[in-house]
2 protein chains.
Amino acid sequence: MTNLFLMTRSEENYIKTIFHLGGSDSVPVATNAIAEQMETKPSSVTDMAKKLADKGLVHYKKYQGVSLTEIGIKTALSIIRKHRLWEVFLVKKLDFTWDEVHEVAEQLEHIKSEKLIDKIDELLDFPKYDPHGDPIPSKDGKFMVRDKELLSDLEVKAGGVCVGVKDTSAPFLKFLDKNGIALGKTIEVLEKEDFDQSLHIKIDQSELHISHQIASNLYVKKNN
Amino acid sequence: MTNLFLMTRSEENYIKTIFHLGGSDSVPVATNAIAEQMETKPSSVTDMAKKLADKGLVHYKKYQGVSLTEIGIKTALSIIRKHRLWEVFLVKKLDFTWDEVHEVAEQLEHIKSEKLIDKIDELLDFPKYDPHGDPIPSKDGKFMVRDKELLSDLEVKAGGVCVGVKDTSAPFLKFLDKNGIALGKTIEVLEKEDFDQSLHIKIDQSELHISHQIASNLYVKKNN
DNA sequence: ACAAATTTTTAGATTTGCCTAAATTTATTT
DNA sequence: AAATAAATTTAGGCAAATCTAAAAATTTGT
């Protein structure tokens, strides 16, 4: 019966991290993994795990890792919904670039006002995906997982539309910008280099050579 | 040389409160006054006063009250700027009513991103006043104090335009809404009741009887 | 001016969220 | 199946922001 409105920022960040590490599938997430992801110490994670368990947000048994309860999952989705809607807002309404949005959205996602986020949703015309191609959960926590695959997994001659990125770090996103790679662009694999798995691709009109590292962080939706 | 970006939410709230209580004019504000305004205890205020003094944001001498330094004033204005711009955003872009904005703006004012607030400012077309008629400081901390007076101070037959409210509480604002009183409306004093200082006023086309309590919380700009 | 009232500060706790270092449990090797 | 390694928890502490209760300074009233 935990009121989601009284969660601290720190609690919300833990819930979000556990969700992202897969703790929603009742597959528990390791203390160490959470600590690493959050750049904190395992002992701090243990402390928080106990607190969140008391509040009914996670399942926690000593030495067995942490997974989200149903309420925990709902909470996580609500935070992620806010994060991604704010990202869309920043890009669409305030002309932020997609490498600038994350840091600010990390703050905005903790603003407590149901009306606020619903109105932002409406202002943006109920977007389904954020600027990195990740799906935005609806108010009731549902979202579509779009079928997509890594560009690095396509065969030669295959192609599709760029629909998302795996790495969302600023350097990577800036690289993409600089090379004209963006969501919605059409990509075709012209050639794969066996030696280092680098790719020769066609993007819109121009051609480009990209490393495996790049290709394995780009999602495409294959055409038929 | 305090970096404004590393202020805690609590520190920002103290600075803002001291500003509103008049501590910018080197007239010190009493510990108790701050405590009452912030619904906290005087001893907590003392603690914070010391901390803010260490950071160079306030002048503080034991038993002598607190006033803002120049840096403190700049900080206060920057927070107030954010608060008021967010209020305009909520009303103009998200259809919040003027009694709903304060609580959410209290949260949004603490978001740390210079680019964000500048873009919001731009999106709103650089507004000069917030939804309650209070001036919005510019980026460099300047703002116009509009000349205005309390409706309760006007003589009979005098009139003007409603430009602001003193009390910004939700009940008061809802009362105004219900009675068709809003910023920009033309008001004329038809009659003053000596007994209880209540007023008979004309607002746009209709007539209305309001108590002194109401009139003394409404600002008007007298017409020449 | 001096006693009483008020205001303000100090001292000592509490809570949250984090830390380090040591102990414990679980997992991996050989 | 020990022994070793790795992961996790416990214990004890720290800083921020608050509180209560008691002490100290200031202000007020007569």
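A note on names: the letters A, B, ... follow the listed sequences, proteins ahead of strands, and every chain is numbered from 1.
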What does Ser10(B) touch in the nucleic acid at a heavy-atom separation under 4.0 angstrom: a base, only the sugar-phosphate, or nothing? sugar-phosphate
In whole angstrom, what separates Met48(A)'s CE from dC18(C)'s P? 5 Å
Here the distance between atom P of dT10(C) and atom NZ of Lys50(B), to the nearest Å, is 4 Å
Nearest-neighbour nucleotide for the Tyr63(A) side chain, dT25(C), dT18(D), dC19(C) considered: dT25(C)
For Leu52(B) and dA16(D), what is the distance between atoms CG and P respectively, to the nearest whole Å? 12 Å
Less than 6.0 angstrom from the centroid, inside 45 degrees of the normal: does Arg146(B) satisfy that with respect to the ring of Tyr129(B)? yes
Would you say the base of dT20(C) and the side-chain of Ser43(A) have a donor-acceptor pair closer than 3.5 Å? yes
What's Thr31(B) touching, base or sugar-phosphate or nothing? Going by heavy atoms closer than 4.0 Å. sugar-phosphate
Do any side-chain nitrogens or oxygens of Tyr14(B) fall under 4.0 Å of OP1 or OP2 in dA16(D)? no
What is the distance from CZ of Arg9(B) to P of dA16(D), rounded to the nearest Å? 17 Å
Side chain of Thr8(B) - closest among dC19(D), dA16(D), dC18(C): dA16(D)
Of Asp47(A) and Gln64(A), the one whose closest DNA chain C nucleotide lies more 5': Asp47(A)
Output yes when at least one side-chain N/O atom of Thr46(A) is less than 4.0 Å from OP1 or OP2 of dT9(D), else no. yes
Please confirm whether His83(B) and His102(B) have ring centers closer than 6.0 angstrom. yes
Measure from NZ or CZ of Lys115(B) to the centre of the six-membered ring of Phe96(A), then state whether that distance is under 6.0 Å and the direction lies within 45° of the axis. yes
Answer yes or no: is there a donor N or O on one side and an acceptor on the other, between the side chain of Lys112(A) and the main chain of Met7(A), under 3.5 Å? yes
All heavy atoms of Gly56(B) vs all of Thr69(B), minimum pair found to be O-OG1, 2.8 Å
Nearest-Å distance for atom pair NZ/C1', residues Lys62(A) and dT10(D): 8 Å
Rounded to the nearest angstrom, tell me the gap between atom NZ in Lys41(A) and atom C1' in dC14(D). 16 Å
Nearest whole angstrom, please: distance from the P of dA5(D) to the CG of Asn32(A). 17 Å
Length of the CD-C1' vector between Glu11(B) and dA15(D), whole Å: 12 Å
